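One structure is given below, encoded as structure tokens.
None of the values given here were measured: they were computed from a predicted structure. All chains are named by letter (A, B, ...) in the order of the sequence lines, taking the proteins before the strands, and each is independently numbered beginning at 1.
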Amino acid sequence: MNTFSSWSHDRASSANMATEDLPSDFDIVILGTGLTESVVAAACSRVGQRVLHLDRRSYYAGNWASFTFNGLLTWIQEQNEEPKPEEVRDWSGLTEEGEELIHLSQADSASITNLQVFSYVSEEEEEEEAANTTEEEKAADEEAVKESSETESADSKEDDEEEEGAGEEEEQPAQAEGEEPEVDQPRPSPSSQSEPSRKKISYAQLVKEGRRYNIDLVSKLLFSRGSLVDLLIKSNVSRYAEFKNVTRILTYRHGNIEQVPCSRADVFASRQLSVVEKRKLMRFLTSCVEETEEQTAYHGRPYLEFLQDQQLGDNLQHFLLHSIAMAAEDTPTEEGLASTRHFLRSLGRYGNTPFLFPVYGLGEIPQCFCRMSAVFGGIYCLRHSVHCLIVDRDANRCKAVIDSRGQRISCSHIVMETSYLDRSKVATPSRFLSRAVLITDSSVLPSESDQQISMVTVPPEGGSPAVKMVELSPSSMTCIPGTYLVHLTCRSVGSAHQDLSPLVTRMFRTTESQEEDRRPSVLWSLYFNMADGTASQVEGQPLPSNVHICHGPDSALGHEDAVQQAASIFQSILPEEEFCPPAPNPEDIVYDGDNTSTGEDRGDMGQDDEQNPEQNQNQENRNQNEENQNQENPDPEQNQNQGNPELQSVGPEERPASS
Amino acid sequence: MHGRVKVKTTAQQEEEKRKEREKKLKVYVAARDACFSKRKDGVFDDEALQLTQQLLSANPDFATLWNYRREILTHLETVKDEDEAQKIYEAELSFLESCLKVNPKSYGSWHHRGWVSARLPRPDWARELRLCDRCLSLDDRNFHCWDYRRMVVKMSSVPVKQELEFTDRLIGSNFSNYSSWHYRSTLLPLLHPGSPEPPPSRCDGDPPHSCSPPSPQTHFHRVCEEQLLKEYELVQNAFFTDPNDQSAWFYYRWLLGRAEREEMISCAYVSREQERVAVAFSRPVNAQSGSLLLVLDGQPQRVEWRSVHPHFKHSPVWICDLPPGTISDIANEHNLTVHWTEKHTHRDCALYTGRSESWCRDTATDLELFRSELSVEKTSVLQSELQSVNQLQELEPLNKWCLLTIILLMRALDPLGYEKETLAHFQTLKEVDSMRSAYYSDLCSKFMIENTILKMEYAEVRVFSISDRNLTTLCHLDQLLLVTHINLSSNQLRRLPPQFAMLQCLEVVEADNNSIENLEGVYHLPKLEEVSLKNNKISTLADLQPLASCPKLRRLDLRGNPVTQTANVESELAELLPSVADLLL
């Protein structure tokens, strides 16, 4: 998370700068460093706008962030803290005649709720004791559960009640499982070897190696031909990140995990499809790329109906509906076909699945855009916010802000994340996402390679919503070897725990059970609800027209919503300018009054040319880690320069003079 | 504004590039000239090595420079000890790697690498194999690399199994890769050889039904059945996934395919009147090389073998004339043996008293003749293959590969029984793949001729009749050595090709209603008496010239041909073909 401390004006951390004031005039002030805000920041800086980008948190990316294990524990603690009473100060000394104040919120609004943590690992470094007495384990479990419920947040009275109920429920299935085997669970024959002593990972180890975790708050993937990949390539931001192909698409069906054949090579290799099914599937996939009259005839009718009429059989229908279109049974045909096409267009661009995942987690992406913004002069401050907006009463335009240190900063546009608005101005979100994060000890579908990154679709069943699950292996640089990081996401019906724990107990071991149970064990889990950004609404008095609101993460798998939102905000601020044009390569940059150098000797800039050692260190470490990893880079032309050396050289030089 | 970026204009860049290129060219030309003069002077030093390296990294396909480099290296090898040579060659390999990065399909670089690897005192084949793996993962159809890989595999005795697994991997990632499928076809017979054929039963004596001599060529390139079934499954997965990908279909053809036909003398024929012997082989041979020996009544004969038409150096049918008077007396019985010394095989033929001709040949079965096109041991296997391909055809009724494969399977199973379906499929093929309709017509003609030959064999007659079958070409004429009457009427033939001269016993030709304009093959047919060519396209007298070589021709029907409009046609023909008594114009 501290990658950017070198160039961000993180005042709290640099004591000698603590007394410095920010410039008092900017074109655009942006609050919040989530994906949308960061893209807007990069786009505006790129076309020469003076951007001040602030976040009141101590980390980048807001609800889009990735945390180390320890960072996540801190975040959990923060979520549980009582919000400090908002200090009301009188700013009238900074305002002029005809100006009004709009106060902003100084704490996060209720975007995260129902936080619950469960730990299934022993606290202490454990001796090699293979078959522990179950009682002891159970006691430990219960203790963990008890302990974690103490840390639960108390967001509102309603939530409290819900949580109590949830807590009871959690113990119930755990017991039930210990006593009677679940019916739909495949029973492997006793002869099949389950490692007699699976090496146990202790809590202490998780904490000790916690730095190697990168745990995302939102779980999304990049469609290889989605708008985010296009934007990364077009803007040249791709040079700041590296990506891996999701290696397989899985689905949970009849209590089993199955691989979904979606590429030509998958279909060819699939053992579960008959040759006739292979042909039918290939034919369907080829035919639905183009719109036909037959398809048009189904418009308005469910996609499921269309699929049924294609005589594909149950297998294929399941794959096509739930895993490829990721549609519900009542999704209309035109929508189902559109998402199928989106999937297929992305397929094969970088590999056998349509998805990319950023190495080191999704939290990298907003930071990459922040970096691009900083390269083009954007100024960054964390733990820094804005108390209020100053609005010109007559023009109904915001003309300045007062920052958290009482400085008046004028600007012509404000972009902010919803949570910066005073609570009274935001409606309680009507929709939530249910999230679960699990650290497990093995893959849901072990294979020859232990480097799989899997996307798992779980179709809706008996009233429970469809769940999207992403299982990350250590190769994604998000967890330590020997563990897997599993993200589950669905639209909330109840609390995250109510929505997701039944599935978790079906797919994973949460208690010590029979030896032949080969399901992965959960070592640690976190449940929480996050407001669905697309459901947030601004209430009351309309905001001035130059105040632009970004909502948080949506529930879709891709990043289309955030990119689209950023593009439309950018358009309304700068309708004449291009959105994120390609950044020039450093070697093509010519500096004013310097016609000879081609960017290699830039020492004469009179700028601080010293590269930040910490940053270099960081970069080197990463490069080392990445060695021998087969990494994807979304820009085909960039593929040769992995571990891009330009990365280090661009930042510091381009850093704007600090005063 | 401070630190603001400007991007260079393209004109600026262009100019810079141009200058750069000019500079480069100068350096290149100078180095090249230096190399040439050094080579002329016979200098083999390190500087030359450096110069060529510099040039070759810019242009790895400069063969002369590679040659020079090899000269230098062989020279250095003589003056350095083994360790030094090893070092030099290792440096050469890493230099080559950089060349291959620039152009992975450079003939020069790959050839040189092969040369270096073979000379390396302590070669590291494992490393070479990894290089091949890497190159093929970048481009799985780089045939240079495939070649080099085969060399590496051979030199370092990589287990066949390992290589087969390698093709598994490549096919798994992309099955549109004929190189991998082909490589499989060379590996499988080594790893899973088919059981050796039961030795062909030897029969002694019993003429005139002679036996097939033991074949020196067993069916190699065969794969054991268990593995074959696995391969069928694999390749079916491929063509069901993508029926338009030809590589899988080609491999499938190979799997179903056959070994070559046994080499033998399939027929020997002797005619008392012409005092002539004709011999048919199972494949075209050149009998002039002295490998054929004719023994008559225990006496080797000095005869001159000739092919039936001067057009052929290699031919399946050869003839010779016996010295006059040797067998002309009808009261004598003669025993003939033709030895094919090269292949240690022979065929006997007895000309009994009172007989004007005699022959000896295999009782040809359909299996021996044509079915071996696809020769899987068990019909049941073929039957189930036909079933699954038919299943695919139901899903993809217009897929040409599928249709063609069905036709081949049907022929392998029962050519006569499936004749109707075969013809229907050919019709569809010509429609869906009109670019190749002529190919399909020819193939269909071939199959129709085969069927007709089979029917003729079953009927044990010497009449070959195949009228109104849309024939576009004639083939298998070597099988018709003994035919006396041929009816080719109402087809789409345009010529009677030189092979037609193999019909040594032919007396009557009916070829009305075709588009024949060329009679090249009606050449020295000793017994030919009647030729009917009504409604064809013979337009000049010169086209009829070959007929003049047939001494017994007495009836010729040319009605409906353009040539009949020629002035003085009657008198001209009388002069050209004096034997013809019955001329219809």
Side-chain angles (χ1 to χ4, degrees), chain A residues 45-50 236 261 263-271 273-286 311 348 351-352 375-377 448 581-595 598-599 602 605-607 630 639-640 650 652-657, chain B residues 1-10 12-13 16-17 20 101-102 134 137-138 140 165 168-177 180-181 230 232-245 247-248 251-252 384-385 387-399 401-402:
Chain A
S45 303
R46 176 67 189 86
V47 295
Q49 296 289 303
R50 294 164 304 158
N236 247 342
S263 71
R264 194 166 168 269
D266 285 351
V267 174
F268 170 66
S270 169
R271 297 204 165 274
L273 296 183
S274 73
V275 283
V276 172
E277 280 179 315
K278 288 182 182 199
R279 182 80 293 269
K280 283 182 172 172
L281 178 58
M282 285 303 287
R283 200 163 53 166
F284 181 83
L285 294 178
T286 329
Q311 314 279 322
N352 273 344
V375 165
F376 285 91
E448 279 171 36
N585 290 321
E587 56 270 24
D588 291 335
I589 296 173
V590 179
Y591 291 88
D592 283 356
D594 174 17
N595 292 323
T598 53
R602 275 176 262 169
M605 290 295 295
Q607 283 238 350
N630 188 16
N639 264 338
Q640 291 102 330
V650 176
E653 282 132 24
E654 295 293 327
R655 189 198 314 167
Chain B
M1 245 177 101
H2 191 69
R4 201 123 167 229
V5 292
K6 289 180 192 163
V7 177
K8 273 187 237 173
T9 60
T10 41
Q12 220 174 330
Q13 283 168 331
E16 247 170 59
K17 270 189 187 153
E20 192 104 322
K101 266 180 204 156
V102 178
R134 174 99 185 104
S137 74
L138 294 172
D140 52 17
E165 280 160 8
D168 281 339
R169 271 206 310 284
L170 284 193
I171 290 170
S173 67
N174 178 13
F175 61 82
S176 305
N177 177 358
S180 301
W181 290 110
K230 280 188 204 157
Y232 287 141
E233 199 190 320
L234 182 74
V235 75
Q236 273 181 17
N237 276 331
F239 64 63
F240 269 88
T241 303
D242 186 355
N244 291 315
D245 186 85
S247 45
Y251 183 64
Y252 191 57
S384 79
E385 289 307 302
Q387 241 166 35
S388 55
V389 184
N390 270 331
Q391 210 173 17
L392 179 59
Q393 203 250 335
E394 267 169 46
L395 295 164
E396 301 290 324
L398 301 181
N399 184 281
W401 298 104
C402 190

*Side chain / backbone / both / neither for B:Asn244 at chain A, heavy atoms under 4.5 Å*: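 Interface part for B:Asn244: neither.
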
*asked:* Heavy-atom cut-off 4.5 Å, strictly under: side chain, backbone, both or neither for B:Leu234 against chain A?
replied: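 Both the backbone and the side chain of B:Leu234 come within 4.5 Å of chain A.
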
Indicate the atoms forming the closest heavy-atom contact of [X] with [Y], along with that distance.
| X | Y | value |
| --- | --- | --- |
| B:Ser173 | A:Ala265 | O-CB, 3.6 Å |
| B:Leu395 | A:Arg279 | CD1-CG, 3.6 Å |
| A:Lys278 | B:Asn237 | NZ-OD1, 2.8 Å |

*Residues that A:Ala269 engages under side chain to side chain contact (heavy atoms under 4.5 Å, CB included), provided they are two or more places apart*: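 Expected list: none.
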
*Applying side-chain contact (heavy atoms from CB on, under 4.5 Å), run through B:Ile171 and A:Phe268 and close with a yes or a no.*
CA-CA 9 Å; B:Ile171 290 170; A:Phe268 170 66; 3.5 Å; yes

*Which residues pass the ring pair (Phe, Tyr, Trp, His ring centres under 6.0 Å) test with B:Phe240, sequence neighbours left out?*
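Per chain and number, B:Phe240 pairs via ring pair (Phe, Tyr, Trp, His ring centres under 6.0 Å) with no residue.
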
*How many angstroms lie between CG in A:Leu273 and OG1 in B:Thr241, if you round to the nearest 0.5 Å?*
8.5 Å

*Any side-chain heavy-atom pair of B:Glu233 and A:Val275 under 4.5 Å*: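 Counting from C-beta outward, B:Glu233 and A:Val275 never come under 4.5 Å.
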
